[in-house]
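The structure appears below as structure tokens.
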Amino acid sequence: MAELYSNKIEYGLRIEGDYYNHLDIEGFSLMMKNPSYCYKFYWLEAIVNLISEDVTETTFDEIINEMIANAWYSVLEFHIHLSGIVLGDVKDGLERAVKKLSDISGLPANASKLEIKNAIKEHDAELKSEKEQLTNMVPYRALAGFFSKFDETADWESTRRMIAYIERVNKVNILPYTLGSSSKLKKEVYFNPSWIKMINDNTVAILGWIQFEKVKWLQNNNPEVPGLVYKLAPMDEKMRKLNAVRKLWDAVLELKQIVDVFTDKAIDPKGYDVDHFIPWSFVMNDELWNLMPMDSSLNSSKSNKLPAWDPFFSRFSQNQYLLYQLIHDENYPGMHKRFEACYKDNIHSIWANQELYRPGNTPEEFGTILEKNMRPVYDSARRQGYELWKI
């Protein structure tokens with residue numbers, strides 16, 4: 001098994017050595033090199049996905065549809081900017097296409113891939129310009145790594161001449177795909193049988209490599225976003241680990257009346273949910289300091305939105321301090337045991353361990369520590385585009 005490293009980073013593209021005898025694996029490893037925009041990653045990912053579904057020939061249109069569906073969750077569910085923002089404007093054409101589809105279709109951020117693709121077809125005419133823009137350079141630039149072994153220089157200024165050039169390169173260096181003569185989104189894409197076999201034999205490794213490169217790019221363009229590696233696909237509710245926290249708040253509610261942060265009414269111990277103040281989809285963790293009991297009837301309304309900082313953070317902080325007081329109250333030793341049960345899944349932040357939950361904090365000290373550490377995370381979520389919850 002041979003291994004090629006991408007940009008000298010530790011994650012290698014591992015391909016069976018036999019393929020090096022007749023395919024330019026080095027050229028393939030350069031298909032995502034030096035991207036200007038994120039859709040270069042989504043282009044190759046879409047091709048690999050289609051090949052894995054036994055597609056042997058397709059069109060620009062079908063590849064772009066796959067790209068939009070694959071980028072949907074990152075853009076809408078997690079508010080990721082695919083290639084950053086310049087003066088308030090979205091740079092990436094794929095991100096613009098996703099947002100336009102969302103606006104005209106009304107699909108929720110957690111729509112299924114089938115629903116997304118059906119909506120694309122329904123609104124195809126309205127998306128035409130955004131989709132065509134995505135085909136201007138990437139289908140050709142993605143093959144640039146294969147051109148270095150060809151004596152003739154590529155003419156990037158002419159699509160027609162580039163298609164002919166690709167055909168000539170393909171005669172001496174087999175390419176993953178060649179292009180047909182139709183125009184714009186109808187242009188045919190023909191996958192080479194040898195490359196189809198290689199990709200099918202190495203799909204998991206190739207998709208892992210693409211994801212690694214994509215995450216590096218996205219993290220660089222979204223430096224304030226935590227847990228970005230988990231934000232490339234739909235949320236899995238099973239990732240949430242709230243059992244120990246629920247038991248802790250159950251114990252609190254047996255001893256104290258807790259007022260709901262949002263309704264200002266007493267929480268019903270039999271009718272509450274444990275939820276995140278700053279949305280889970282942004283922080284991607286279940287840290288105790290961000291979790292609160294709230295009226296079950298409001299949880300679905302809050303969903304993926306941010307509560308207004310004022311007045312809700314001060315109420316949230318007060319409830320957190322009530323919890324803090326009880327876990328350090330020697331009259332209730334069972335409370336500290338339930339707190340300790342949260343260590344495995346819900347208490348990982350160093351600042352929370354060393355400052356927030358240390359014994360002896362006054363209400364003012366506790367609130368200051370909590371705000372000092374939560375406010376920057378909250379503000380990052382706002383800048384990233386998280387909507388304020390209108391109660």
Side-chain angles (χ1 to χ4, degrees), residues 78-81 218-220 222-231 235 239-246 248-249 252 256 258-262 273-294 299 302-329 335-336 338-389:
F78 302 113
H79 301 276
I80 301 299
H81 295 301
L218 292 174
Q219 192 68 76
N220 188 55
N222 297 268
E224 294 182 300
V225 175
L228 202 147
V229 69
Y230 302 111
K231 299 180 178 180
M235 290 194 297
M239 290 177 63
R240 302 191 185 193
K241 297 178 179 180
L242 303 176
N243 288 340
V245 176
R246 175 79 191 204
L248 180 60
W249 277 110
V252 171
K256 295 273 188 178
I258 301 295
V259 175
D260 187 281
V261 170
F262 306 113
D273 290 335
V274 173
D275 196 24
H276 301 69
F277 187 84
I278 302 171
W280 178 82
S281 66
F282 184 73
V283 296
M284 295 302 288
N285 62 53
D286 295 311
E287 290 291 287
L288 180 62
W289 51 263
N290 187 42
L291 292 168
M292 60 187 171
M294 66 177 288
N299 201 357
K302 180 180 178 294
S303 185
N304 205 25
K305 301 181 183 72
L306 281 166
W309 188 263
D310 296 318
F312 298 124
F313 174 77
S314 62
R315 300 179 189 174
F316 170 79
S317 180
Q318 288 166 16
N319 283 350
Q320 290 287 317
Y321 189 72
L322 286 174
L323 169 68
Y324 166 82
Q325 285 182 304
L326 286 173
I327 64 177
H328 289 298
D329 191 329
M335 286 297 303
H336 202 277
R338 294 206 181 193
F339 173 70
E340 290 173 351
C342 295
Y343 279 132
K344 179 183 176 184
D345 295 320
N346 311 108
I347 306 174
H348 301 109
S349 301
I350 295 174
W351 65 268
N353 269 300
Q354 294 184 351
E355 298 178 63
L356 189 68
Y357 297 124
R358 69 189 175 195
N361 282 327
T362 65
E364 293 75 20
E365 289 170 335
F366 184 91
T368 298
I369 295 166
L370 191 62
E371 181 169 12
K372 178 182 70 174
N373 287 280
M374 284 190 70
R375 188 61 194 255
V377 181
Y378 179 96
D379 289 342
S380 292
R382 285 289 290 137
R383 285 192 292 271
Q384 206 65 29
Y386 275 76
E387 182 183 349
L388 280 179
W389 181 30

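Here the structure is a predicted model, which means the values were calculated and not measured.
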Heavy-atom closest pair, residues [X] and [Y]:
| X | Y | result |
| --- | --- | --- |
| Met335 | Leu326 | CB-O, 3.5 Å |
| Val261 | Phe316 | CG2-CA, 3.7 Å |
| Leu306 | Tyr386 | CD1-CB, 3.7 Å |
| Pro311 | Ser314 | O-OG, 2.9 Å |
| Pro307 | Tyr378 | O-OH, 2.6 Å |
| Tyr343 | Asn353 | CE2-OD1, 3.7 Å |

Would you say [X] and [Y] make side-chain contact, with heavy atoms under 4.5 Å?
| X | Y | value |
| --- | --- | --- |
| Glu371 | Trp309 | yes |
| Gln384 | His81 | yes |
| Val377 | Met374 | no |
| Pro226 | Lys231 | yes |
| Val252 | Leu322 | no |
| Lys305 | Leu388 | no |

When rounded to the nearest 0.5 angstrom, what is the spacing between [atom1] in [X] and [atom2] in [Y]?
| X | Y | atom1 | atom2 | result |
| --- | --- | --- | --- | --- |
| Leu248 | Ile327 | CG | CD1 | 7.0 Å |
| Gln219 | Ile80 | CD | CD1 | 8.0 Å |
| Ile347 | Leu356 | CD1 | CG | 9.5 Å |
| Phe312 | Ser317 | CZ | OG | 15.0 Å |

Under 3.5 Å donor-acceptor, [X] side chain and [Y] backbone:
| X | Y | answer |
| --- | --- | --- |
| Gln320 | Leu323 | no |
| Glu355 | Ala352 | no |
| Glu224 | Arg383 | no |
| Asn222 | Leu228 | no |

For the residue pair Trp389 and Phe262, does the interplanar ring angle fall in the parallel (under 30°), tilted (30 to 60°) or perpendicular (over 60°) class?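 Correct class here is perpendicular.
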Ring geometry between Tyr324 and His328 (parallel below 30°, tilted from 30 to 60°, perpendicular above 60°):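 Judged by the thresholds at 30° and 60°, the geometry between His328 and Tyr324 is perpendicular.
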Donor-acceptor contacts, no H, no angles, side chain residues 282-293, under 3.5 Å, sequence neighbours left out:
residue: Asn285; atom: OD1; partner: Glu287; partner atom: N; Å: 3.2
residue: Asn285; atom: ND2; partner: Val283; partner atom: O; Å: 3.3
residue: Asp286; atom: OD1; partner: His276; partner atom: NE2; Å: 2.7
residue: Asp286; atom: OD2; partner: Lys241; partner atom: N; Å: 2.7
residue: Glu287; atom: OE1; partner: Trp289; partner atom: NE1; Å: 3.4
residue: Glu287; atom: OE1; partner: His348; partner atom: N; Å: 2.9
residue: Glu287; atom: OE1; partner: Ser349; partner atom: N; Å: 2.9
residue: Glu287; atom: OE1; partner: Ser349; partner atom: OG; Å: 2.9
residue: Glu287; atom: OE2; partner: His348; partner atom: N; Å: 3.2
residue: Glu287; atom: OE2; partner: His348; partner atom: ND1; Å: 3.0
residue: Trp289; atom: NE1; partner: Ser349; partner atom: OG; Å: 3.0
residue: Asn290; atom: OD1; partner: Phe277; partner atom: N; Å: 3.4
residue: Asn290; atom: OD1; partner: Ile278; partner atom: N; Å: 2.9
residue: Asn290; atom: ND2; partner: Ile278; partner atom: O; Å: 2.9

Applying side-chain hydrogen bond (donor to acceptor under 3.5 Å, both in side chains), can you list everything that pairs with Asp329, at least two apart in sequence or on another chain? Asn331
With Arg358 via salt bridge (Lys or Arg N to Asp or Glu O under 4.0 Å) - residues at least two apart: none
Apply side chain to side chain contact (heavy atoms under 4.5 Å, CB included) to Phe313 and Leu370, showing your working. CA-CA 10 Å; Phe313 174 77; Leu370 191 62; 4.0 Å; yes
Should we say atom OH of Tyr321 is surrounded by more than 12 heavy atoms from elsewhere, each under 6.0 Å from it?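 More than 12 within 6.0 Å, yes.
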